[in-house]
Amino acid sequence: MEVGDVGEPGGPGPGQVLIAPEAVGLCGSDFHYFLGDIGTIEDASTLYPRIQGHEAAGTVLEVGEDCPGLETGMRVALWPVSACGHCYACRIGRGNACSNLSLIGVHADGALQEQLLLPAAQAFPVGDQDPALAALIEPVSIAMRAAVRGRVAEGEHVVVLGAGPIGQALALVVTDLGASVLLVDTVESRLARGGAMGADVLQVSPEESLVAAAREWAGPDGPQVVFEATGVPALVQTAIELVAQAGRVVVVGLSAEHAPVRVGDLPFREIDLLGTSCCGSGEFADAVELVGRRRDAAAGLVTHEFALEQAPEAIAYAIANPAEVMKAVVRVDSP
Ligand SMILES: [Zn+2]
Ligand SMILES: [Zn+2]
C-alpha cells in the first residue's frame, strides 16, 4: 500500500454528490483484500490496484441535480452497495446479494482519498455525529442485515462467536431487539468491550467445550440463533452443534477455506444454515438511527486513529495486533 496523488474526480453529475471523506474504518475484509486473500470473489486479479475504504463518513462538498435531501456541508455516511437491478437477487428485492454487486472500496475506488464522487442514493445524512463514529455505521449495518437473516426476536437467546467489530456490532443490534446475547471469544480484552454493548460474555480456550458452556447459558433448548463471526471455518460445525433444534445458524465471517459439517444435523434437527452479505438501504438507514441513539456504546469500539498519510502503517498495525485493535480509523480530515 502506498499514498500517492490521483486526479480530482470533477464536479457531480445529475444524481451524484461530491464527498470529502473524513473518517474511514479499516475492517477484516480490508485486511483480506490487502493480503490478496479474498477467496470467494471471482477473478480477484482484476480488482487491483484499488483505493480501499468502504466504512466511511464525509462531508458533502457539491450536490448535483436530482439529489433530494442532500445539501452542501452535510455530514453523511456512505452505503457502499450498488446493484445491477436485473439479476435474480435484485428482482426479489435482495440487491445486497446482487450477482453483479459493486462495493465502494472493493470493486470501485473507495474513501481513503480526499474527494469521492458518489451516487446520491449511497449518501445517508447523519446530523452532527462524530465522523469516526459515523464510519462505524457500515459495520453495524452488516450486523443489522445478519439479525434480519437470523430473524432474531425479542426474548430469544443468541450466541455470537467472535468478539471482533462485527461480533460487537451484532451484540449491539441483537440486544436492541430485546434478545439476550452471549459473546464468545478467546481474547479477554475483546470480551471486556462486550459488556458495554449489553452482552454476557464467555471466554473460551480452543480446547474447552464451548458448546456445553454456551448451551448452559441459553437454557435447556440451547440458543435459538448462533452467529459465526470469526471466519474460522471449523466453527460452522460448532455453531450447528450449539444451536437449538429448529434454530438458525448465520454465517457472517469470511473465509476461502472449506470446512466439514455433519450433514445429518441439518435435516434431523431442522436447522436453517444461512449466509448474510452486506445490507440493503433500509437496513443501512436503521444502522444510522441505531448508532446515533447508542453513540456512547458504539464510540468505545474505535480504539485507534491514524492520519491519511499513515494508512499503510494503520493497516499493517491492525493486522499485526488483533487483540489490541478493535477498530482502527483513518482520519482523512486530519492535517
Ligand atoms: Zn467492512
Ligand atoms: Zn443484480
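On a predicted model such as this, the values are computed, not experimentally measured, just so you know. Atoms within each ligand, like the ligands themselves, are counted from 1 in listed order.
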| Donor-acceptor side-chain pairing of Thr59 and Glu22 below 3.5 angstrom | yes
| query | Which residues satisfy the ring-ring contact (aromatic ring centres under 6.0 Å, His included) test with Phe31, sequence neighbours excluded? | reply | none
| said: Under a plain distance cut-off of 3.5 Å, with no hydrogens placed, do Ser281 and Glu283 share a side-chain donor-acceptor pair? | reply: no
| Of the protein N/O/S atoms, how many lie under 2.8 Å from the Zn ion (ligand 1) | 3
| message | Angle at the Zn ion (ligand 2), SG of Cys98 to SG of Cys90, rounded to 10 degrees, please. | response | 110°
| said: Side chains of Leu136 and Glu55, heavy atoms from C-beta outward: is any pair under 4.5 Å? | reply: no
| message | I'd like to know if Arg75 and Asp128 make a salt bridge, using a cut-off of under 4.0 Å between side-chain N and carboxylate O. | response | no
| query | Can you tell me if Tyr317 and Gln310 form a side-chain donor-acceptor pair at under 3.5 Å? | reply | no
